[in-house]
Amino acid sequence: NLLDIIIDNDIDVDGFGACEGTLACSTCHLIFKPDQYDQIQEKPTDEELDMLDLAFGLSDTSRLGCQVI
Ligand code: FES
């Protein structure tokens, strides 16, 4: 589950999800390992991709955590 992913990736969760999932911030930016990324069922929407463009350290396996929980 997502909590395991956060722990696995040693993500600092302070300030995580500042906009409470309304796609108005990028504090929930997560970088997944490729095998984890492939397991995410939901594909990113255009809105999520737009917000990801603003996220620090964007990678090919980035998602916004609030959209994949
Ligand atoms: Fe703000 Fe996910 S909590 S975009």
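All residue numbers in this chain count up from 1 along the given sequence. Just so you know, ligand 1 is whichever comes first in the structure, and atom 1 is the first atom listed for that ligand.
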Checklist entry - Mind checking whether atom 1 (Fe) of ligand 1 has an N, O or S of C25 under 2.8 Å? => result yes
Item to check | Check: L64 and S26 side chains under 4.5 Å, non-hydrogen atoms | outcome: yes
Checklist entry - Which of the atoms in ligand 1, numbered in the order shown and given with their element, are less than 4.0 Å from a heavy-atom of G21? => result 3 (S)
Next on the checklist: Check for me whether L23 has a heavy atom closer than 4.0 Å to any atom of ligand 1.
Outcome noted: yes
Next on the checklist: If the cut-off is 2.8 Å, does any N/O/S atom of C66 fall short of it from atom 1 (Fe) of ligand 1?
Outcome noted: no
Next on the checklist: Donor-acceptor check, side chain of R63 to backbone of E42, threshold 3.5 angstrom: yes or no?
Outcome noted: yes
Checklist entry - Cluster question for you: counting only ILVMFWY and a side-chain heavy-atom cut-off of under 4.5 Å, with indirect links fine, are L49 and L54 together? => result yes
Checklist entry - Where the side chain of S62 meets the backbone of I31, is there a donor-acceptor pair that is under 3.5 Å apart? => result no
Next on the checklist: With heavy-atom distances below 4.0 Å as the criterion, list the atoms of ligand 1 near C28.
Outcome noted: 2 (Fe), 3 (S), 4 (S)
Item to check | Check: T45 side chain, E48 main-chain N or O, donor-acceptor pair, under 3.5 Å | outcome: yes
